[in-house]
Amino acid sequence: MSTILVTGGAGFIGSHTCLVLLEAGHDLVVIDNLCNSSEESLRRVEGLSDKSFVFEKIDLLDQPALEQVFVTHSIDAVIHFAGLKAVGESVEDPLWYWRNNVAGTLNLVDAMNRADVRDLVFSSSSTVYGMPEELPVTEAHPLGPVSPYGKTKLAVEDLLRDVAASKPGWRVALLRYFNPVGAHPSGEIGEDPTGIPNNLMPFVMQVAVGRRERVAVFGSDYDTPDGTGIRDYIHVMDLAEGHLAAVERLERFEGCEAVNLGTGQGYSVLDVVRAASGAAGREIPYELVPRRPGDVAAVWSDPGLAKAKLGWQALRGLDEMCRDSWHFQSRNPHGFAKT
Ligand code: NAD
Ligand code: WQD
């Protein structure tokens with residue numbers, strides 16, 4: 001069992017992954033500046049796992065504090081979630097995104113290099129593919145992100161490819177997630193966005209719980225069976241298990257390699273609204289509105305490489321995603337801080 005440094009571990013995907021890592025017997029050192037999360041999620045991870053771990057409130061931009069983490073603790077591997085992820089916000093303030101996501105990762109990799117830690121799992125995104133040229137999307141698909149957010153993800157991938165090629169010993173997994181949703185089945189941890197949710201599932205859940213009036217369905221004239229956008233939604237527990245598989249199989253990664261984490265199955269916006277209505281046991285009102293600029297009609301993954309390389313595949317379907325999202329939302333109608 002190893003000691004894993006998890007950056008951004010208080011966030012949505014990080015908290016679920018921390019739980020799965022603890023349950024698999026790993027020791028954790030978690031760092032997060034809590035800019036988009038609450039320490040309460042980590043307290044709940046401790047409660048669910050009945051295990052404790054080190055948490056330090058550190059910003060990746062604070063290089064001395066970051067270096068100190070590697071001096072204080074004997075770290076075997078790093079899972080790097082910390083980053084900003086809102087597409088619209090990245091268009092309004094690209095400098096913030098480039099500084100936080102790219103300079104933050106530069107600091108982390110620098111600190112790893114000095115401490116001789118060369119095992120890294122990085123949270124990349126399907127957004128690096130840009131407009132899909134063919135479906136399903138394999139890792140060989142051309143890269144061309146559109147938003148500043150997506151460009152920072154590609155820049156970090158490039159940075160890591162260069163570093164891994166510079167000297168032997170680096171083992172880097174770039175995990176490109178599709179659309180993470182759902183929550184731990186206990187309903188104790190889940191997705192708790194601040195402000196108006198940008199993503200579909202948290203918005204749908206906030207309508208279901210009565211915090212918002214109706215879902216705006218962005219576009220009903222796409223070339224898809226029901227006219228609404230199709231995405232590859234993946235349960236966050238599947239994603240967390242994918243990280244466990246990746247960090248435990250880094251010996252299969254020579255240098256730096258990208259792997260899709262998706263289900264390979266696409267669902268439309270109306271499929272999600274319907275499944276969420278079933279899970280919540282109430283009709284979720286929606287209205288059809290014009291397309292959201294920058295959206296594509298349909299995208300889903302080819303998850304074959306993840307299965308071959310990690311021995312991992314997503315197991316949970318759309319109904320389970322909605323059931324668990326609803327369980328978290330109904331138990332925590334106003335998120336972590338205000339329950
Ligand atoms: P999240 O915002 O819930 O978690 C990110 C965490 O990183 C937060 O707890 C935040 O406080 C922390 N953080 C941000 N900047 C930091 C900094 N400079 N120093 C220390 N901590 C910092 O987001 P998430 O959904 O859990 O996403 C985790 C990662 O996965 C992100 O890198 C994101 O870009 C990537 N990703 C997310 C999705 C998605 O749809 N959720 C899809 C693909 C990729
Ligand atoms: C899903 C579908 C919308 C909200 C984004 C990022 C991507 C990745 C995942 C981080 C689309 C529709 C949405 C709403 C709607 N994140 N929709 N009404 O755009 O596929 O991907 O999150 O890496 O990089 O771009 O996800 O959840 O925003 O949208 O109709 O209120 O739901 O048009 O078809 P998206 P999403």
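For this chain, numbers begin at 1 and follow the sequence in order. Quick caveat: nothing in here was measured; it's all calculated off a predicted structure. Values below: every heavy atom of this structure, side chains too, minus hydrogens, waters and symmetry copies. Counting convention: from 1, in listed order, for ligands and their atoms alike.
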Counting only heavy atoms not in Y286, do more than 12 sit closer than 6.0 Å to its OH atom? no
Going by heavy-atom distance to atom 16 (C) of ligand 1, choose the closest among N33, L175, I13. N33
Look at atom 30 (O) of ligand 1 and find which of Y97, F178, Y177, F122 reaches it with the closest heavy atom. Y177
Could you check atom 3 (O) of ligand 1 against the protein and tell me its nearest heavy-atom contact, residue, atom and distance included? F12 N, 2.8 Å
Geometric class of the H243/Y177 ring pair [parallel <30°, tilted 30-60°, perpendicular >60°]: perpendicular
Atom 15 (N) of ligand 1 sits nearest the protein heavy atom N100 ND2, 3.1 Å
Atoms in ligand 1 with a heavy atom of S123 nearer than 4.0 Å: 29 (C), 30 (O), 32 (O), 35 (C)
What I want to find out is whether D110 reaches R114 closely enough, with some N-O distance under 4.0 Å, to be called a salt bridge. yes
Is it the side chain (CB and beyond), the backbone, both or neither of E191 that lies under 4.0 Å from ligand 1, heavy atoms counted? neither
Among all the protein's non-hydrogen atoms, which is closest to atom 7 (O) of ligand 1, and how far away is it? A82 CA, 3.3 Å
Can you find a heavy atom in the side chain of Y129 that is under 4.5 Å from one in the side chain of P142? no
Between K57 and E39, does any side-chain N to carboxylate O distance fall below 4.0 Å? no
In the protein, what heavy atom is nearest to atom 24 (P) of ligand 1, and what distance, to one decimal place, separates them? K85 NZ, 3.7 Å
Beyond-backbone contact of P285 with V207, side-chain heavy atoms, under 4.5 angstrom: yes
Using a strict cut-off of 4.0 Å, indicate which atoms of ligand 1 neighbour a heavy atom of L34. 11 (O)
Within ligand 1, which atoms have a heavy atom of N36 less than 4.0 Å away? 1 (P), 2 (O), 10 (C), 11 (O)
What protein heavy atom is closest to atom 34 (O) of ligand 1, reported as residue, atom name and distance in Å? Y149 OH, 2.7 Å
Contacts satisfying salt bridge (Lys or Arg N to Asp or Glu O under 4.0 Å) that involve residues 128-149 (not counting sequence neighbours) are none
Can you check which of P180, S15, S37 brings a heavy atom nearest to atom 42 (C) of ligand 1? P180
Is the NZ or CZ atom of R291 both under 6.0 Å from the centre of the six-membered ring of Y222 and within 45° of that ring's axis? yes
Starting from atom 4 (O) of ligand 1, which protein heavy atom do you reach first, and at what distance in Å? G11 CA, 3.5 Å
Side chain, backbone, both or neither: which part of S124 has a heavy atom under 4.0 Å from ligand 1? backbone
Would you say N199 and ligand 1 have an N/O pair spaced under 3.5 Å apart? no
Can the positive tip of K309 be found less than 6.0 Å from the middle of the six-membered ring of F253, inside 45° of the ring normal? yes
Do any N/O atoms on L60 end up under 3.5 angstrom from N/O atoms on ligand 1? yes
Side chains of F122 and V156: closer than 4.5 Å at any heavy-atom pair? yes
Ring pair (Phe, Tyr, Trp, His ring centres under 6.0 Å) partners of H235, counting only residues at least two apart: none
Under 4.0 angstrom from ligand 1, any heavy atom of I58? yes
Side-chain H-bond candidate by donor/acceptor type, T152 with N101, under 3.5 Å: yes
Does an N or O from F81, backbone or side chain, lie closer than 3.5 Å to an N or O of ligand 1? yes
Test: R43 and E46 ion pair at under 4.0 Å: no
Which residue owns the protein heavy atom closest to atom 11 (O) of ligand 1, what's the atom, and how far is it? D32 OD1, 2.7 Å
Any idea which protein heavy atom is nearest atom 5 (C) of ligand 1, and the distance to it? G83 O, 3.8 Å
Salt bridge present between R274 and E283 (N-O < 4.0 angstrom): no
Under 4.0 Å from ligand 2 - residues by heavy atom, chain and number: V87, S125, T127, Y149, N179, N198, N199, L200, A216, V217, F218, G229, R231, Y233, V269, R292, D295
Side-chain ion pair, R171 and E257, N-O less than 4.0 Å: no
Backbone or side chain, does any N or O of C35 fall under 3.5 Å from an N or O of ligand 1? yes
Salt bridge (Lys or Arg N to Asp or Glu O under 4.0 Å) involving R252 - partner list, sequence neighbours excluded: none
